[in-house]
Amino acid sequence: MTVRLSTRAAQTHDQPISYFMQQAVENANLISLAAGLVDPDSLPADEVRAALDEILKDAGAAQAALQYGTTHGYAPLREKILARAAALDGVKPHDISVSRDDVVITTGSQQLLYMLGELLLDPGDIVITEAPSYFVYHGALTSLGVRTLQVPMDEEGMDTGLLEKLLARLEKTGELSRVKLIYTIDYFQNPTGLTLSWPRRQQLMDIVRRFSKKQRIFILEDAAYRELRFEGLDVPSLKSLDRDNAHVILAMTFSKPMAPGLKTGYGILPSELVAPLLRFKGNHDFGSSNLAQHLLDCLMANGAYERHVDRLRDVYRHKRDTILDALAEEFAGATGMKWTQPQGGMYVWLTNAVPTGPDSPFMKAALAEGVLYVPGQFCYVSGDNRAPNNGVPPENEARLCYGVASVDQLREAVRRLGRAAAVCGAWEPACR
Ligand SMILES: Cc1ncc(COP(=O)(O)O)c(C=O)c1O
């Protein structure tokens, strides 16, 4: 008998990256710079064990943590999240018109991203993302039948001048009312490692206010990597510029600064969105893991969280230095090759002299050498023929994640990339 799946199922595709991830699992010798996993050696086993002991040794605390929690999330944790988020921006929650009721705990920030799509977006609505952007989010938008338009980035993040032009064009064609959301990963972006500059933040807020005509345009500020800054001065969040709590939905996660295995994220939202969002969350799971939330509450209360994030900054700085030094050494003097210099997070964006796509000779040579990267074209939405270059994504870029490989593996991975580039005639590797 034929199985008739939903329209949404037909729009829901495997992530193009899955095939390459499978390669990494099957080939033990392969060094993967593709997976966006965190540094394994610094995962906080001791801290989590101690917090778990603390919770479970007390009968009352154990029962509370092992019982169902609320859909909204554990209130003491929401309180701490809010205090910390405000402190990062040097403001008090009431300065930006938020209370702990505007904080929602989710099963990773990914769940929040998806639920916001269900909450705000109808098929045919428009979401604007950075070009390039986080391909998993693009997949969720495709699944929801949403049109994704992209705005190019430069060293300062999303080009707000081009965003303004895009919105003006959509207004002219009568499509502005379909624009519901602008998605930005504004700290150490996945995939480029770039951060939205302070002037651009102000411009973005101004543009969103001006173009919110028939309906409000929201900014989805995905600050998953904000806490992993290891260099330079912090910049205030867009949320902190949204004094009336009207436009910005801040999405953050414990996955990167603590442990993805806890799969706990959160949002700080305009108050009107909270109750409707919770109805969707009720349908999904009526509450994220209560034990994980009690654990995180304990880790935040006893200072272990803060200490861990501090340590992580050193770990990722060292890894960033390692991969940048290795790239500089391997590709010294190479024309047509450049890469970003992230001040935090886990990603370097490489622009190659030759194509990097899944079927390219460079990808084949890289796999043969035993190194894997994310082809940059996966981070673009193709087919918008009004976009630069007729909507054809650049084919010579790559995302390199330095999160999971060890420093020795990072050096070796870059040597392998160098050999792959040499095989393709892109570059002669350094003599050694
Ligand atoms: C930019 C960005 N947002 C959201 C997520 C989702 O993370 P999680 O659901 O584990 O919180 C990720 C994971 O890699 C990410 O890179």
Side-chain angles (χ1 to χ4, degrees), residues 15-18 20-21 32-40 43-44 73 77 81 85 103-117 127 129-141 143 148 150 153 157-158 181-196 219-229 237-239 248-268 281 284-285 288-289 292-293 295-296 305 309 312 316 340 342 344-349 374 376 378-381 399-404:
Q15 288 289 343
I17 192 72
S18 317
F20 296 99
M21 296 300 184
S32 178
L33 303 179
L37 304 186
V38 304
D39 178 66
L43 282 167
L77 178 61
I81 284 171
V103 181
V104 174
I105 312 275
T106 53
T107 305
S109 52
Q110 189 62 38
Q111 185 188 45
L112 176 65
L113 302 188
Y114 187 73
M115 286 193 310
L116 286 168
V127 173
T129 70
E130 291 148 344
S133 186
Y134 174 42
F135 49 82
V136 179
Y137 184 57
H138 288 158
L141 294 176
S143 176
T148 307
Q150 292 194 285
M153 301 174 73
M158 183 189 278
L181 207 60
I182 297 173
Y183 175 70
T184 173
I185 305 162
D186 56 342
Y187 297 90
F188 324 118
Q189 195 225 24
N190 176 2
T192 61
L194 297 168
T195 294
L196 190 66
I219 296 174
L220 175 47
E221 178 179 28
D222 184 343
Y225 299 91
R226 177 174 189 184
E227 290 161 279
L228 299 181
R229 176 182 284 282
S237 67
L238 293 161
K239 182 82 238 161
V248 180
I249 301 160
L250 174 65
M252 289 184 77
T253 178
F254 288 101
S255 289
K256 313 296 172 179
M258 198 73 207
L262 296 172
K263 202 60 191 170
T264 305
Y266 51 94
I268 304 181
K281 182 146 172 73
H284 277 260
D285 58 13
S288 298
S289 160
Q293 293 180 59
L295 248 173
L296 285 162
Y305 179 75
V309 178
L312 276 188
Y316 287 116
T340 54
M346 310 186 332
Y347 305 104
V348 172
W349 188 245
V374 174
F378 290 171
C379 305
Y380 293 89
V381 174
R399 187 190 79 173
L400 310 180
C401 174
Y402 49 87
V404 69

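As a basis for the values below, the full set of heavy atoms in this structure was taken, side chains included, without hydrogen atoms, waters or symmetry mates. Read the numbers this way: they start at 1 and go in the same order the structure lists the ligands and their atoms.
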Are the side chain of Glu221 and the backbone N or O of Asp186 linked by a donor-acceptor pair below 3.5 Å? no
What closest approach, in Å, do Val248 and Lys239 show between heavy atoms, and which atom pair accounts for it? O-NZ, 2.5 Å
Against ligand 1, does Tyr225 come closer than 4.0 Å with any heavy atom? yes
Nearest-option assignment for atom 11 (O) of ligand 1, heavy atoms, candidates Thr107, Thr106, Thr253: Thr253
Modelled atom types, side-chain donor and acceptor of Lys263 and Gln111, under 3.5 Å: no
Return the orientation label for the Tyr380 and Trp349 ring planes: parallel under 30°, perpendicular over 60°, tilted otherwise. tilted
Minimum-distance protein heavy atom relative to atom 12 (C) of ligand 1: Tyr134 OH, 3.3 Å
Selection from Gln111, Met252, Gln189, Lys256 by shortest heavy-atom distance to atom 13 (C) of ligand 1: Lys256
Which residue and atom name correspond to the protein heavy atom nearest atom 9 (O) of ligand 1, and how close is it? Lys263 NZ, 2.7 Å
Taking atom 1 (C) of ligand 1 as the point of reference, which of Leu112, Asp222, Thr184 owns the nearest heavy atom? Asp222
Are the side chains of Tyr137 and Asn190 in touch, meaning some heavy atoms are under 4.5 Å apart? no
Quick test: of every protein heavy atom, which one is nearest to atom 10 (O) of ligand 1, and how far off is it to 0.1 Å? Ser255 OG, 2.7 Å
Side chain, backbone, both or neither: which applies to Ser109 and ligand 1 if a contact is any heavy-atom pair less than 4.0 Å apart? both
Side-chain heavy-atom pair Tyr347, Gln189 within 4.5 angstrom cut-off: no
Does Gly265 reach ligand 1, in the sense of a heavy atom lying below 4.0 Å from it? no
Using a 3.5 Å cut-off on N or O atoms only, is Tyr347 in polar contact with ligand 1? no
Are Tyr134 and Tyr183 close enough that their ring centers fall under 6.0 Å? no
